[in-house]
Visitor: 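Once you've had a glance at the structure underneath, I'll fire off some questions.
The structure presented is a predicted model; accordingly, all values stated were derived computationally and were not measured. We're numbering straight along the sequence, starting at 1. First listed ligand is number 1; within each ligand, the first listed atom is number 1. What you see below is based on every heavy atom in this structure, not just the backbone, and it leaves out hydrogens, waters and symmetry mates.
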Amino acid sequence: MPRSVVTGGAGFLGSHLCERLLAENHKVVAVDNFLTGSRDNLAAFKKHPNFTFVRQDVTEEMRIPGKVDFVLHFASAASPVDYAKFGIQTLKANALGSHKTLGVAKAKRARYLLASTSEVYGDPEVNPQPETYWGHVDPVGPRSVYDEGKRFAEAMAMAYHHQHGIDVRIARIFNTYGPRMRLGDGRAIPNFVGQALRGEPLTVYGDGSQTRSFCYVDDLVEGVWRLLTADAVEGPVNLGNPDERSLNELAEVVQKIAGRHVGIVHKPLPPEDPKVRCPDIRKARTVFGWEPKVSLEDGLRRTIDSFREQIARKGT
Ligand code: NAD
Ligand code: UDP
């Protein structure tokens, strides 16, 4: 039975990934310090006989007894609000945390998968972004703790590949959403859904003409699984949904699917907010036959249902 270590396992993506790996008959060790994740995210599978949880900061020495076949490094704040608040922790999770987890992969001769991001492209001057685009990043700007942390992590993963022969896979993940996001994490979809369900107007930053491309979590997890298990993959691979929408359009769709016409209010655009973002997914299509299947409307329906349940259960 393959054994996988998932850092950030109590987070949004990490917990879905643990669940998928368990369903694929992996033994799973999740590592998390609950900086932005929670025990609730583990509830669906924490009693599974093949699941163990280690409460640990990934920036510290990591000792995982026994064999390990795969290391998936997902620990890092990911919402712009979270990483602005936890700037140093974000840089450390991506720099020191990548070093420590690559060390585990080297010691165990395990395959390594890094959760990188579309943010490595910064405020892109090319749209859609192919993996060959080098990006347009302000190294001292408000998003630099995240962008540069991930760029360092990618460089570190490649150095372990070249110097130590580690089989590394780099997923450049574009905006992903779904159940288990924190309603208050500050990202566009949980904000909009929470506001619509509370009957408040949606807060659109700037004039709302900026674009993003939103991928439903099940599609993303399928992409990560294929990237992890494909025979050989050279270099980073974009994983995201190429259905590009403006934030104004997103606000319309959320209201339609939630069945609440609450309107919008414009708020100031955060500095250096990327104007466009859309993945070129030709590489994922060609190398391992992946593309997203869930439409924005269907994904939002599932997400809104789960947030409704969460609000009924916890009142938040
Ligand atoms: P999340 O905040 O829900 O999950 C991050 C998890 O990492 C949390 O459980 C947090 O407690 C944990 N963590 C943070 N620092 C840690 C540390 N030092 N030690 C141990 N655990 C730590 O965010 P998410 O959306 O699930 O993102 C997960 C990963 O995917 C991140 O690496 C993020 O950069 C990447 N990613 C996500 C998206 C997206 O749209 N969701 C897009 C691009 C990249
Ligand atoms: N945004 C918005 N209203 C909100 C939250 C976010 O208009 O309540 C915008 C934000 O300015 C950005 C886009 O939505 O242009 C996506 O933001 P998010 O925080 O989800 O992630 P990003 O893609 O910026 O990392």
Visitor: Please determine if Asp273 and Arg212 form a salt bridge, counting it only when a charged side-chain N lies under 4.0 Å from a carboxylate O.
Guide: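 Here Asp273 pairs with Arg212 in a salt bridge, since their nearest N and O are under 4.0 Å apart.
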Visitor: Can you find a non-hydrogen atom of Thr7 under 4.0 Å from ligand 1?
Guide: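 Contact absent.
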Visitor: Do NZ/NE/NH1/NH2 and the carboxylate oxygens of Arg20 and Glu24 come within less than 4.0 Å?
Guide: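 Looking at Glu24 together with Arg20, the answer is yes, because their closest N to O distance falls below 4.0 Å.
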Visitor: Tell me the protein heavy atom at minimum distance from atom 31 (C) of ligand 1, and give that distance in Å.
Guide: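 Result for atom 31 (C) of ligand 1: Phe74 O, 3.3 Å.
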Visitor: Does a side chain donor of either Thr203 or Gln195 reach within less than 3.5 Å of an acceptor in the other side chain?
Guide: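 There is such a pair between these side chains.
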Visitor: Heavy atom under 4.0 Å from ligand 2: found in Asp273's side chain, backbone, both, or neither?
Guide: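 For Asp273, only side-chain atoms sit under 4.0 Å from ligand 2.
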Visitor: Looking only at heavy atoms, which two atoms of Lys108 and Ile64 are closest? And how far apart?
Guide: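 That closest heavy-atom pairing would be NZ-O, 2.6 Å.
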Visitor: Give the atoms of ligand 2, by number and element, whose distance to some non-hydrogen atom of Asn191 is under 4.0 Å.
Guide: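 Listed by number with element: 4 (C), 5 (C), 8 (O).
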Visitor: Which of the numbered atoms in ligand 1 are under 4.0 angstrom from any heavy atom belonging to Asn175?
Guide: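 Ligand 1 atoms under the 4.0 Å threshold to Asn175: 40 (O).
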Visitor: Give a yes/no verdict on whether any heavy atom in Gly186 is under 4.0 Å from an atom of ligand 2.
Guide: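 The answer is yes, since Gly186 has a heavy atom less than 4.0 Å from ligand 2.
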Visitor: Please step through side chain to side chain donor-acceptor pair (under 3.5 Å) for the pair Ser15 and Arg180, ending with a clear verdict.
Guide: CA-CA 8 Å; Ser15 64; Arg180 296 193 194 142; 3.1 Å; yes
Visitor: So which heavy atom in the protein is nearest atom 5 (C) of ligand 2, and how far is it from that ligand atom?
Guide: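 The closest heavy atom on the protein side is Tyr205 CE1, 3.3 Å.
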Visitor: Is any N or O atom of Arg187, backbone or side chain, closer than 3.5 Å to an N or O atom of ligand 1?
Guide: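 Yes, Arg187 has an N/O under 3.5 Å of an N/O on ligand 1.
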Visitor: Around atom 19 (N) of ligand 1, find the nearest protein heavy atom and jot down its residue, atom name and distance.
Guide: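 For this ligand atom, the closest protein heavy atom is Val58 N, 2.9 Å.
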Visitor: So, are Glu148 and Arg151 salt-bridged, with charged N and O less than 4.0 Å apart?
Guide: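 Judged by the 4.0 Å cut-off on N to carboxylate O distance, Glu148 and Arg151 do form a salt bridge.
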Visitor: Which of the numbered atoms in ligand 1 are under 4.0 angstrom from any heavy atom belonging to Gln56?
Guide: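 This gives 19 (N), 20 (C) as the contact atoms.
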Visitor: What is the nearest protein non-hydrogen atom to atom 9 (O) of ligand 1, stated with its residue, atom name and distance?
Guide: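 Looking only at protein heavy atoms, the one closest to atom 9 (O) of ligand 1 is Asp32 OD2, 2.6 Å.
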Visitor: Ion pair present between Arg302 and Asp305, side-chain N to carboxylate O less than 4.0 angstrom?
Guide: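 Salt bridge: no.
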Visitor: Could you tell me whether Tyr177 and Tyr216 have their ring centroids closer than 6.0 angstrom?
Guide: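 Distance test on ring centres: under 6.0 Å, yes.
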Visitor: Using a 4.0 Å cut-off to any heavy atom of Ser116, which atoms of ligand 1 qualify?
Guide: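 In order of numbering, the contacting atoms are 43 (C), 44 (C).
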Visitor: Just let me know how Arg277 lines up against ligand 2, side chain, backbone, both or neither, with a heavy-atom cut-off below 4.0 Å.
Guide: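 The answer is the side chain.
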Visitor: How about Asn238 and Ile173: do any of their side-chain heavy atoms sit closer than 4.5 Å?
Guide: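 Not touching, per the 4.5 Å side-chain cut-off.
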Visitor: Regarding Tyr121 and Arg172, do their side chains bring together a donor and an acceptor under 3.5 Å, going by distance alone?
Guide: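 Yes.
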Visitor: Under 4.0 Å, heavy atoms only, figure out whether ligand 2 is touched by the backbone of Pro80, its side chain, both or neither.
Guide: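 Within the 4.0 Å criterion, Pro80 contacts ligand 2 through side-chain atoms alone.
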Visitor: Backbone or side chain, does any N or O of Ala78 fall under 3.5 Å from an N or O of ligand 1?
Guide: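 So ligand 1 has no N or O lying under 3.5 Å from an N or O of Ala78.
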Visitor: Check this for me - ligand 1, Asp57, N or O atoms closer than 3.5 angstrom, yes or no?
Guide: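 Yes: some nitrogen or oxygen of Asp57 is under 3.5 Å from one in ligand 1.
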Visitor: Under a 4.0 Å heavy-atom limit, does Arg143 contact ligand 2 with its side chain, its backbone, both, or neither?
Guide: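 Within the 4.0 Å criterion, Arg143 contacts ligand 2 through side-chain atoms alone.
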Visitor: Could you establish whether Lys92 and ligand 1 come within less than 4.0 Å of each other, counting only heavy atoms on the residue side?
Guide: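 No.
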Visitor: Specify the protein heavy atom at minimum distance from atom 14 (O) of ligand 2: its residue, its atom name, and the distance to 0.1 Å.
Guide: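 It is Leu247 CD1, 3.2 Å.
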Visitor: Between Arg277 and Asn175, do the side chains contain a donor N or O and an acceptor N or O under 3.5 Å apart?
Guide: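 Distance-only check passes for Asn175 and Arg277.
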Visitor: Does the side chain of Ser76 pick up a donor-acceptor pair with the side chain of Asn94 at under 3.5 Å?
Guide: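 Their side chains do contain a donor-acceptor pair, which is all the 3.5 Å distance test asks for.
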Visitor: Considering only protein heavy atoms, which is closest to atom 43 (C) of ligand 1, and at what distance to one decimal place?
Guide: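 For atom 43 (C) of ligand 1, the nearest protein heavy atom is Ile173 O, 3.0 Å.
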Visitor: With the threshold set at 4.0 Å, does a side-chain nitrogen-carboxylate oxygen contact exist between Asp123 and Lys275?
Guide: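 Yes, this pair counts.
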Visitor: Going by the order shown, which atoms of ligand 2 are within less than 4.0 Å of some heavy atom of Phe192?
Guide: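 Matching atoms, with element in brackets: 3 (N), 4 (C), 8 (O).
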Visitor: Suppose we measure from atom 2 (O) of ligand 1 to each protein heavy atom; which comes out shortest, and what is that distance?
Guide: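 Nearest protein contact, heavy atoms only, for atom 2 (O) of ligand 1 is Thr36 OG1, 2.6 Å.
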Visitor: Can you tell which of Ala115, Cys215, Ser76, Ala93 gets a heavy atom nearest to atom 14 (C) of ligand 1?
Guide: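 Ranked by closest heavy atom to atom 14 (C) of ligand 1, first place is Ser76.
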Visitor: May I ask you to check if ligand 1 and Lys150 share an N or O to N or O distance below 3.5 Å?
Guide: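 Indeed, backbone or side chain, Lys150 has an N or O that close.
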Visitor: Measure across Thr36 and Asp82 and return the closest heavy-atom pair with its distance rounded to 0.1 Å.
Guide: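 Nearest pair, atom of Thr36 first, then Asp82: CG2-OD2, 3.6 Å.
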Visitor: Hey, are Glu244 and Ser213 close enough side-chain-wise for a donor-acceptor pair under 3.5 Å?
Guide: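 Checked: Ser213/Glu244 side chains show no N/O donor-acceptor pair below 3.5 Å.
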Visitor: Give the numbers and elements of all ligand 1 atoms closer than 4.0 Å to a heavy atom of Phe34.
Guide: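 With Phe34 as reference, the close atoms of ligand 1 come out as 11 (O).
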Visitor: Of all the heavy-atom pairs spanning Thr303 and Pro179, show the shortest one and how long it is.
Guide: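 Scanning both residues completely, I find the closest heavy atoms to be OG1-CD, 4.2 Å.
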Visitor: Short N/O distance, under 3.5 Å, between Thr176 and ligand 1?
Guide: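 For ligand 1, there is an N or O atom that lies under 3.5 Å from one belonging to Thr176.
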Visitor: Report the member of Val54, Asn33, Leu96 with the shortest heavy-atom distance to atom 13 (N) of ligand 1.
Guide: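 It is Asn33 that holds the nearest heavy atom.
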Visitor: At a non-hydrogen distance cut-off of under 4.0 Å, which region of Arg212 contacts ligand 2 (side chain, backbone, both, or neither)?
Guide: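 The side chain, only.
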Visitor: With heavy-atom distances below 4.0 Å as the criterion, list the atoms of ligand 1 near Tyr146.
Guide: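 Counting atoms of ligand 1 from 1, those under 4.0 Å from Tyr146 are 33 (C), 34 (O), 36 (N), 43 (C), 44 (C).
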Visitor: Of the non-hydrogen atoms in Val204 and Asn248, which two are nearest, and what is the gap between them?
Guide: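 That would be CG1-OD1, 3.7 Å.
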Visitor: For atom 4 (O) of ligand 1, what's the nearest protein heavy atom and its distance?
Guide: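 Nearest neighbour among protein heavy atoms for atom 4 (O) of ligand 1, to 0.1 Å: Gly11 CA, 3.4 Å.
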Visitor: Do Glu297 and Arg301 meet the salt-bridge criterion of a basic N to acidic O distance under 4.0 Å?
Guide: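 No, this pair does not count.
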Visitor: Identify the protein heavy atom lying closest to atom 3 (N) of ligand 2, giving its residue, its atom name and the separation to 0.1 Å.
Guide: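 The closest heavy atom on the protein side is Thr203 O, 2.5 Å.
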Visitor: Mind checking whether Leu35 has an N or O less than 3.5 Å away from an N or O of ligand 1?
Guide: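 The answer is yes, given that Leu35 and ligand 1 share an N or O pair closer than 3.5 Å.
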Visitor: Parallel, tilted or perpendicular: which fits the ring planes of Tyr146 and Tyr83, with parallel below 30° and perpendicular above 60°?
Guide: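 It falls in the parallel class, under 30°.
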Visitor: For atom 37 (C) of ligand 1, what is the nearest protein heavy atom, given as residue, atom name and distance?
Guide: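 Going by distance alone, atom 37 (C) of ligand 1 is nearest to Leu13 CD1, 3.6 Å.
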Visitor: For ligand 1 and Phe12, I'd like to know whether there is a polar contact (N/O to N/O, distance under 3.5 Å).
Guide: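 Yes - when backbone and side-chain N and O of Phe12 are compared with those of ligand 1, one distance drops under 3.5 Å.
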Visitor: Using a 4.0 Å cut-off to any heavy atom of Gly37, which atoms of ligand 1 qualify?
Guide: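 Those qualifying, in numeric order: 8 (C), 9 (O), 10 (C), 11 (O).
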Visitor: Looking at side-chain heavy atoms only, is the closest gap between Arg143 and Asp138 below 4.5 Å?
Guide: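 No, side chains not in contact.
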Visitor: Among all the protein's non-hydrogen atoms, which is closest to atom 20 (O) of ligand 2, and how far away is it?
Guide: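 The protein heavy atom lying closest is Ala188 N, 2.8 Å.
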Visitor: Does Asp69 come within less than 4.0 Å of Arg3, counting only side-chain N to carboxylate O?
Guide: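 Result for this pair is no, no salt bridge flagged.
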Visitor: Using a 4.0 Å heavy-atom cut-off, which part of Asn175 comes near ligand 2: side chain, backbone, both, or neither?
Guide: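 Answer for Asn175: side chain.
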Visitor: Taking the ring of Phe70 and the ring of His26, is the distance between their centroids below 6.0 Å?
Guide: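 Centroid distance His26-Phe70: below 6.0 Å, so yes.
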Visitor: Can you list the atoms of ligand 1 that are under 4.0 Å from a heavy atom of Ala10?
Guide: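 Counting from 1, the qualifying ligand atoms are 9 (O).
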Visitor: Within the 4.0 Å heavy-atom shell around Val204, which atoms of ligand 2 are there?
Guide: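 Every atom of ligand 2 under 4.0 Å from some heavy atom of Val204: 7 (O).
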Visitor: Just which atoms of ligand 2 are under 4.0 Å from any heavy atom in Glu119?
Guide: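 With Glu119 as reference, the close atoms of ligand 2 come out as 25 (O).
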